[in-house]
Amino acid sequence: MAAPHVTGIAVLVKAHTPQLSAAQLKARILGGGTPLASLVGHTYTGRMANALGALVSTVEPSEVFPAPLPRTPSGDEPLSPSNARLAIT
């Protein structure tokens with residue numbers, strides 16, 4: 001049920017700062033969340049969505065997404081559920 005809440009935060013932040021790009025908006029939502037130890041390893045950022053945090057955040061996309069997407073072993077495409085392989089030995 002996070003999607004409706006995050007959508008509301010996105011609308012609120014975009015109404016407050018309409019010049020933000022989609023990447024900047026996403027970075028502020030992700031970077032403005034409240035860190036929770038119980039979410040580490042279960043969510044992308046280990047944070048809970050926070051409307052006020054997103055409004056006052058100055059996080060830039062490069063700060064939230066510093067690493068490139070993992071690649072397949074051959075390095076030709078981003079790793080995804082459709083091309084990931086699991087080998088049990």
Please tabulate, one pair per line, all N/O donor-acceptor pairs under 3.5 Å involving side-chain atoms of residues 49-59, not counting sequence neighbours.
residue, atom, partner, partner atom, Å
N50, OD1, L52, N, 3.0
N50, OD1, G53, N, 2.8
N50, ND2, T34, OG1, 2.9
S57, OG, V59, N, 3.1

Among residues at least two apart in sequence or on other chains, which ones pass side-chain contact (heavy atoms from CB on, under 4.5 Å) with T7? none
Minimum heavy-atom distance between Q19 and Q24, given as atom pair plus value: O-OE1, 4.2 Å
Quick check: closest heavy atoms across P35 and G33, and the distance to 0.1 Å? CD-O, 3.5 Å
How long is the gap from CG on L20 to CD1 on I29, to the nearest 0.5 Å? 9.5 Å
Can you check whether G31's main-chain N or O pairs, donor with acceptor, with R47's side chain at less than 3.5 Å? yes
Apart from M48 itself, what residues make up its hydrophobic cluster when side-chain heavy atoms of I, L, V, M, F, W and Y under 4.5 Å apart count as a link, directly or indirectly? L36, L39
Check: P61 main-chain N/O paired with K26 side-chain donor or acceptor under 3.5 Å: no
